[in-house]
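In what follows, a single structure is set out as structure tokens and then discussed.
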Amino acid sequence: MSNISVSLPDGSVRDLAPDATALDLAAAIGSGLKKAAVAAVVDGRETDLTAQLHDGAVVSIITAGTDEGRHVLRHSTAHVMAQAVTRLFPGAKFTIGPAIENGFYYDFELPGGATFSDDDLGRIEAEMREIVKANQPFVRSEMSMAAAKELFADQPYKVEIIERVESAEADNEDSAEVGEGGIISAYRNTDAFIDMCVGPHVPSTGKLGFFKLQRVSGAYWRGNEKGPMLQRIYGTAWESKQALADHLHQLEEALKRDHRKLATELDLLSFPHELGGGLAVWHPKGAIVRKLMEDYSRLRHEQGGYEFVYTPHLANGKLFETSGHLQWYADGMYPPMEMDNGTYYMKPMNCPMHCLIFRSRQRSYRELPLRLFELGNVYRYERAGTLHGLLRIRGFTQDDSHIYCTKEQMATEVASLLDFVLSVLRAFGFEDFTFNLSTKDPDKYIGDDEIWDEATEALRQALDSHGLEYAVKEGDAAFYGPKIDIDVRDAIGRSWQLSTIQADFQLPERFGLEYVGADNGRHRPIMLHRALFGSIERFFGVLIEHYAGAFPTWLAPVQVRVLPVAEAHEEYAATVVEALRAAGARVDTSVADDGLGKRIRNAKLEKIPYVLVVGDDDVAAGTVGVNPRGGEVERGVDVEAFVEQFRAEVSTAETAALGA
RNA sequence: GCCCAGAUAGCUCAGUCGGUAGAGCAACGCAUUCGUAAUGCGUAGGUCGUGGGUUCGAUUCCCACUCUGGGCUCCA
């Protein structure tokens with residue numbers, strides 16, 4: 001047979017032996033590439049390095065240090081973990097084990113309903129190292145579905161996946177396991193371990209090794225909470241020792257900005273045991289930041305043409321029957337309170353009460369859009385296992401607004417809402433958002449298709465006109481209308497939804513809302529639900545992590561601390577404090593009982609933006625020594641000059657925050 | 001709600017193979033009065049999350065509950 005030729009990504013062509021594999025190609029190009037290679041892309045499809053190439057193939061090599069390469073490493077490491085588990089836990093059933101961001105997991109069912117404990121991780125990891133050392137090959141094979149069912153006869157979850165594929169119910173997860181076209185592919189490491197998988201995989205386990213198992217947890221089979229609870233192990237895997245170390249270091253760093261840790265250290269708030277789960281108390285230093293956030297929010301809403309309302313925390317159950325909450329949202333509500341004249345509930349949302357305000361008298365089209373705003377306290381009965389610091393809590397405050405408008409006003413209103421939302425989020429230093437457009441769930445919605453399309457289009461246009469990238473989440477809308485959700489990431493990479501803009505045709509209907517139009521006829525308004533912070537608590541939690549507790553000067557609980565070098569300077573320090581307080585600064589002082597170095601250290605740990613030191617020189621010259629957070633010490637700064645500079649900095653930040 | 005782990009001083013943690021506990025920091029007192037990230041000495045502080053069980057005796061072993069952490073499911 002004559003040689004084959006293949007082309008490379010740079011357009012060059014290589015001649016290879018007729019039975020050459022992708023690995024041979026990598027070796028022919030260079031030993032460095034051979035070493036780094038983990039898989040290949042042939043004619044646009046990812047394949048194993050051991051796959052034989054054909055004449056005319058377009059080939060690129062996937063190396064370990066790329067996203068695709070790490071994906072392969074992680075997936076292969078998941079197989080190694082599964083093998084280790086089946087060795088250590090005879091009779092364990094394995095289900096699926098994909099690569100995920102930064103790592104992988106694998107779900108198992110242990111014999112007799114046994115569970116993993118943290119101690120098992122070390123044993124499993126040690127077993128994995130043995131498998132890596134043994135340098136077992138990953139050998140691909142293909143078979144019919146019937147043969148696969150035979151082969152995996154003692155792995156009921158694998159059989160279930162094959163059967164689902166046969167009956168064409170497969171979702172993406174299944175396809176990742178079995179491939180397409182009625183052919184099942186599998187990878188064998190040893191005679192004792194073979195796993196159904198589309199691949200590709202590294203040529204042998206010796207290519208792996210920079211991994212760490214991280215945690216065990218339960219996970220429902222197929223994500224169905226009525227299905228069996230499996231045992232999941234998460235791990236991380238990288239292309240080098242250094243990359244693994246860097247990742248682990250990054251996780252440690254992220255932990256330092258965890259809002260729960262910082263909230264305790266900075267004395268911002270706490271979750272007293274006695275109060276119950278998911279309920280927080282705000283300490284003075286957290287409360288002042290919250291007040292500033294709320295003041296800012298109120299100011300922006302006042303400027304934005306909103307009207308402020310207040311509504312109670314409790315309501316008669318009849319209200320929530322009208323709104324549909326008892327029908328659709330009862331699981332999320334606190335249990336009822338029986339009272340002499342009816343059944344009462346804590347409110348999980350503010351919208352029903354805002355609808356009552358709209359309905360309290362006849363409305364004219366001239367009043368629309370009517371924008372009702374409230375910092376409304378709501379209570380939701382979140383399931384115990386879902387609570388998470390400030391980010392998932394049971395009692396919280398929404399910066400909530402309901403906008404009543406005509407159908408024609410909807411598009412303009414949504415577009416200006418998006419401006420408003422982004423401007424507010426940016427004022428708090430957020431730039432990295434994820435936008436999601438959730439569309440109609442064809443199986444669960446109410447209202448006319450026409451108005452759904454119109455509303456969805458209005459949301460889409462608003463996103464497009466702002467040049468924003470967004471993901472469309474098909475079928476993720478609320479039953480009453482489509483929505484735009486805005487997420488930000490927390491310090492450890494988890495994404496949290498903050499803002500939401502939702503269209504609603506249902507509540508105006510249920511509450512029989514009407515306005516009198518220019519035609520003197522009665523019309524039904526459209527309602528927009530929207531929150532910018534989303535929940536003040538969640539927003540604050542994300543904010544703490546975003547700033548790592550070092551709030552910008554305009555938000556800092558204490559902005560300036562004045563430290564007299566010795567007792568003799570306390571009187572002068574007091575005059576400096578007075579001057580700053582007169583300029584509107586949040587300022588305090590710490591007398592000379594402790595050494596100066598100690599007091600500076602304390603101020604730094606509290607992340608105070610400015611530490612002012614005053615001693616003999618300053619008393620004589622009317623100056624201060626300025627030690628700014630993250631900056632250089634400057635001695636001999638005139639008090640007036642510092643006050644002016646401080647005032648300017650804060651007012652600039654506030655002006656910027658106001659979008660001026 | 002489900003799986004796993006945990007709860008010891010204000011904070012971070014050690015400890016008790018069952019005989020009622022200890023450190024560092026913080027607090028308080030005394031001394032020190034100091035020029036940019038920890039001055040020294042001393043004192044006080046815990047019914048070991050709550051309730052039950054086993055035991056002569058439980059902070060330790062067992063059970064239940066509450067709360068917390070990591071996931072799953074669900075969600076702002």
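Quick note on labels: first sequence line is chain A, next is B, and so on, each numbered from 1.
- The separation between A/Leu375 atom CG and B/A76 atom C1' is 15 Å, rounded to whole Å.
- Counting non-hydrogen atoms under 4.0 angstrom, A/Gly636 reaches nothing in the nucleic acid.
- Among residue pairs with one or both ends in residues 606-637 of chain A, those qualifying as ring pair (Phe, Tyr, Trp, His ring centres under 6.0 Å) are A/Tyr610-A/Phe642; sequence neighbours excluded.
- Taking atom P in both B/C3 and B/G46, one finds a spacing of 38 Å when rounded to whole Å.
- With rounding to whole Å, A/Arg394 atom CZ is found 17 Å from B/A76 atom P.
- With a 6.0 Å cutoff to the six-membered ring centre and a 45° limit on the axis angle, A/Arg394 counts as a cation-pi contact of A/Tyr381.
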Within the sub-3.5 Å range, which N or O atoms of nucleotides 39-45 of chain B have a protein N or O partner, and how far apart are they?
none

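- Separating the CE atom of A/Met333 from the C1' atom of B/C74 is a distance of 17 Å, rounded to the nearest angstrom.
- Distance noted for atom C1' between B/A26 and B/G45: 11 Å (whole Å).
- The separation of B/C56 from B/C65, taken at their P atoms, amounts to 28 Å, rounded to a whole angstrom.
- The side chain of A/His388 has B/G70 as its nearest neighbour among B/C74, B/U33, B/G70.
- Distances shorter than 4.0 Å separate none of the side-chain N or O atoms of A/Arg599 from OP1 or OP2 on B/U33.
- By the 5.5 Å and 30° criteria, A/Phe396 is stacked with the base of B/A76.
- The residue A/Gly223 sits close only to the backbone: its heavy atoms come under 4.0 Å of sugar-phosphate atoms, none of a base.
- Of the side-chain N and O atoms in A/Tyr234, one or more sit less than 4.0 angstrom from OP1 or OP2 of B/C72.
- Taking the six-membered ring where the residue is Trp, A/Tyr157 and A/Trp221 present perpendicular rings, their angle passing 60° and hence far from 30°.
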Task: A/Lys291/A/Glu294 under salt bridge (Lys or Arg N to Asp or Glu O under 4.0 Å): CA gap, chis, key distance, verdict - done: CA-CA 5 Å; A/Lys291 179 181 178 295; A/Glu294 291 181 346; over 6 Å; no
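- A/Asp616 comes within contact range of at least one nucleobase, with a heavy-atom separation under 4.0 Å.
- Distance noted for atom C1' between B/C62 and B/A76: 41 Å (whole Å).
- On the C1' atoms, B/G57 is 10 Å away from B/U20, given to the nearest whole Å.
- Judged by distance alone, with hydrogens and angles left aside, A/Glu606 brings no side-chain donor or acceptor close enough to the base of B/A37 to form a pair under 3.5 Å.
- Along RNA chain B, the nucleotide closest to A/Val626 and the one closest to A/Tyr329 are compared, and the more 5′ of them pairs with A/Val626.
- For B/U73, its base sits under 3.5 Å from the side chain of A/Arg383 at one donor and acceptor pair at least.
- Using a 4.0 Å heavy-atom distance criterion, A/Gly278 is classed as a sugar-phosphate-only contact.
- As judged by a 4.0 angstrom heavy-atom cut-off over every strand, A/Ile393 is placed among the base-contacting residues.
- Here the side chain of A/Arg380 is nearest to one of B/U36, B/A76, B/G35, namely B/A76.
- Applying the salt bridge (Lys or Arg N to Asp or Glu O under 4.0 Å) test to A/Asp120 and every residue at least two apart in sequence or in another chain returns A/Arg123.
- At whole-Å resolution of the value, CZ in A/Arg392 and P in B/U68 are 13 Å apart.
- Between A/His325 and A/Phe320, the two ring planes are perpendicular [angle over 60°; tilted spans 30° to 60°].
- At a cut-off of 3.5 angstrom, the base of B/G35 holds at least one donor-acceptor pair with the side chain of A/Asp618.
- The ring pair (Phe, Tyr, Trp, His ring centres under 6.0 Å) test applied to A/His402 returns A/His354, A/His529, not counting sequence neighbours.
- Of the candidate nucleotides B/G1, B/C34, B/A37, B/C34 has the atom lying nearest to any side-chain atom of A/Ala592.
- Taking a pair as Watson-Crick or G-U with both hydrogen-bonding distances under 3.5 Å, the stems of three or more pairs touching RNA chain B are B:1-7 with B:66-72, B:10-13 with B:22-25, B:27-31 with B:39-43, B:49-53 with B:61-65.
- Judged by closest nucleotide on RNA chain B, A/Val611 is the one of A/Val611 and A/Ser535 placed further toward the 5' end.
- Residues passing the salt bridge (Lys or Arg N to Asp or Glu O under 4.0 Å) test with A/Asp419, sequence neighbours excluded: none.
- A/Ala78 pairs by the side chain to side chain contact (heavy atoms under 4.5 Å, CB included) definition with A/Phe104, A/Tyr106, not counting sequence neighbours.
- The ring pair (Phe, Tyr, Trp, His ring centres under 6.0 Å) check on A/His301 picks up A/Tyr306, A/Phe373, A/Phe420, with sequence neighbours excluded.
- Rounded to a whole angstrom, the distance from the C1' atom of B/C4 to that of B/G40 is 47 Å.
- Rounded to a whole Å, the CH2 atom of A/Trp221 is 16 Å from the C1' atom of B/U73.
- One interatomic measurement links the two molecules: CD of A/Gln214 to P of B/G71, which rounds to 10 Å at whole-angstrom precision.
- For A/Phe428, the ring pair (Phe, Tyr, Trp, His ring centres under 6.0 Å) criterion is met by A/Tyr296, A/Phe533, A/Phe539, A/Trp554, not counting sequence neighbours.
- Counting only residues at least two apart or on different chains, the side-chain hydrogen bond (donor to acceptor under 3.5 Å, both in side chains) pairs with a member in residues 470-482 of chain A are A/Thr439-A/Glu474, A/Asp464-A/Tyr470, A/Tyr480-A/Gln502.
- The closest donor-acceptor contact from the side chain of A/Glu431 to the backbone of A/Arg426 lies at 3.5 Å or more, if one exists at all.
- A side chain to side chain donor-acceptor pair (under 3.5 Å) with A/Asn627 is found for one member of A/Arg561, A/Lys604, A/Glu634 and no other, namely A/Lys604.
- When rounded to the nearest whole Å, the span between CD of A/Glu537 and C1' of B/A76 equals 10 Å.
- Comparing B/U73 with B/C67, their P atoms are spaced 23 Å from each other, to the whole Å.
- Looking at the side chain of A/Arg538, the nearest of the listed nucleotides B/G69, B/A76, B/U33 is B/A76.
- If you measure from atom OH of A/Tyr379 to atom C1' of B/A76, you get 15 Å, rounded to the nearest angstrom.
- Taking atom P on both nucleotides, B/G19 is separated from B/A37 by 47 Å, rounded to a whole Å.
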TODO: Starting at the 5' end of nucleotides 2-11 of chain B, put B wherever the base has a protein heavy atom under 4.0 Å, S where only the sugar-phosphate does, and a dash everywhere else.
DONE: BBSS------
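- Considering only residues two or more places apart in sequence or on other chains, A/Arg383 meets the side chain to side chain donor-acceptor pair (under 3.5 Å) condition with A/Glu225.
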